[in-house]
Amino acid sequence: MDYEAVIGLEVHAELLTQSKVFCGCSAKFGAPPNQNTCPVCLAMPGALPVLNRLAVEFGIRAGLATRCTVANYSRWARKNYFYPDLPKGYQITQYELPLCLGGSIDITTAAGPKTVRLTRIHMEEDTGKNIHDAHSDASLVDFNRCGVPLLEIVSEPDIRSAEEAGAYLRKLRTILQYLEICDGNMEEGSFRCDANVSVRQRGATALGTKVEIKNMNSFRNVERAIEFELKRQAQALDEGGRLVQETRLWDPDREVTRPMRSKESAHDYRYFPEPDLLPLLVSDEWIGEVRRTLPELPDARRTRFVREYGLPEYDADVLTMRKDVADFYEDAVRHH
Ligand code: ADP
Ligand code: MG
Ligand code: ZN
């Protein structure tokens, strides 16, 4: 059978604020275990969250740079689940009313240009980290990452191949790096991606059953995991099997995805409005101020490099992929 790939990506980007999103602890990566903690991010009874204004500003910046509508009114929600890296027993996130809605990102692949729509960008707090390989008879938990501000950037299921997924991720990372709100380090986990993958018969309009893939810590792994998953699903359908909605883990050593858990749905998390935080009000004045401070974005800069310096498209693309490289190039031009 001839299948079409349908892919939607959920990206978690850690924000480069100095302090965490609901307390004053350092948000810096790499401190000794459990050093960047306090009663708030350790969930001591009675400790209350206080919102980091700069984290919200970074969220607005991301929304404006990706053509979202920034909401004047959004709200915090509790997503309830138990896991040792989540001391409160819930994650503070946004659910029904996120900070940013809509938006889109332009990508280019061998097939040409394409626009991938965004569903939303919402804010949330990161969890701690379980460490399983340090001791043979125990697991350890490091709460340093608990409460580091995150953006979750959710795409519509507009992506049609592993190559497009890679192009989308690279473009998104470049934009966040230009905005200086995320360092985009996939190996250290400051830019993480879950891939939702399904297939359908070419020409069909209904969506197929999707699988969510986790545990990919490089662009290459995202592309390979998607390739593998598309083949696995097509083969299962060809053999007359049925797909189940589930979460699967990418195993980079064996280069396969394997089942992790059957997919939970929203009601399992018993989302409800966070009673410890006020609704998030963002005025048009604030949005306007942030808009005025946006840097020249990668696409605009690439076009300008072609026009101003007479560079071939490809060269301009390579030079503007990273902001520091583009800055260096322009400095060199100025001096010589
Ligand atoms: P969930 O509640 O399971 O997280 P959502 O509807 O919020 O699911 O979608 C999460 C992501 O999955 C989005 O990026 C969306 O575009 C993508 N997605 C939704 N349905 C499909 C599908 N059938 N195939 C591929 N991706 C999908
Ligand atoms: Mg999801
Ligand atoms: Zn803290």
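Whatever order the structure lists ligands and atoms in, that order sets their numbers, starting from 1.
There is a side-chain donor-acceptor pair under 3.5 Å between S104 and R67. Judged by distance alone, the side chains of Y3 and D238 do bring a donor and an acceptor atom under 3.5 Å apart. Under 3.5 Å, the side chains of E164 and T109 contain no donor-acceptor pair of N or O atoms. In the model, E296 has no side-chain atom that pairs as donor or acceptor with a side-chain atom of Y178 under 3.5 Å.
Those atoms of ligand 1 that come under 4.0 Å of a heavy atom in V154, given as number and element, are 13 (C), 14 (O). Taking a cut-off of under 4.0 Å to the non-hydrogen atoms of P157, the atoms of ligand 1 that pass are 16 (O), 26 (N), 27 (C). Taking every heavy atom of S155 and a limit of under 4.0 angstrom, the matching atoms of ligand 1 come to 13 (C), 14 (O), 15 (C), 16 (O). Interface atoms of ligand 1 facing G8, defined by a heavy-atom separation under 4.0 Å, are 14 (O), 16 (O), 17 (C), 26 (N). When each atom of ligand 1 is checked for a heavy atom of V6 under 4.0 Å away, the hits are 24 (N), 25 (C). Contact atoms of ligand 1 toward E156: 16 (O) (distance under 4.0 Å to a heavy atom of the residue).
Outside the 6.0 Å centre-distance limit, the rings of Y95 and F272 are not counted as a close aromatic pair.
Within a 6.0 Å sphere centred on CZ of R270, heavy atoms belonging to other residues, nucleotides or ligands number 12 at most.
At least one cation-pi condition fails for K79 and Y271: the charged atom is not both under 6.0 angstrom from the six-membered ring centre and inside a 45 degree cone around its axis.
An angle of 110° is found at the Zn ion (ligand 3) between C23 atom SG and C25 atom SG, rounded to 10°.
Contact annotation: for N196 versus ligand 1, heavy atoms closer than 4.0 Å belong to both the backbone and the side chain. Contacts with ligand 1 closer than 4.0 Å are made by no heavy atom of T119, backbone or side chain.
Proximity annotation for atom 24 (N) of ligand 1: of G208, A206, S198, S198 comes nearest, heavy atoms only. In this structure, of R117, E212, K210, the residue bringing a heavy atom nearest to atom 3 (O) of ligand 1 is K210.
The hydrophobic cluster containing L42, built from Ile/Leu/Val/Met/Phe/Trp/Tyr side-chain heavy atoms closer than 4.5 Å, also comprises M44, V141, F143.
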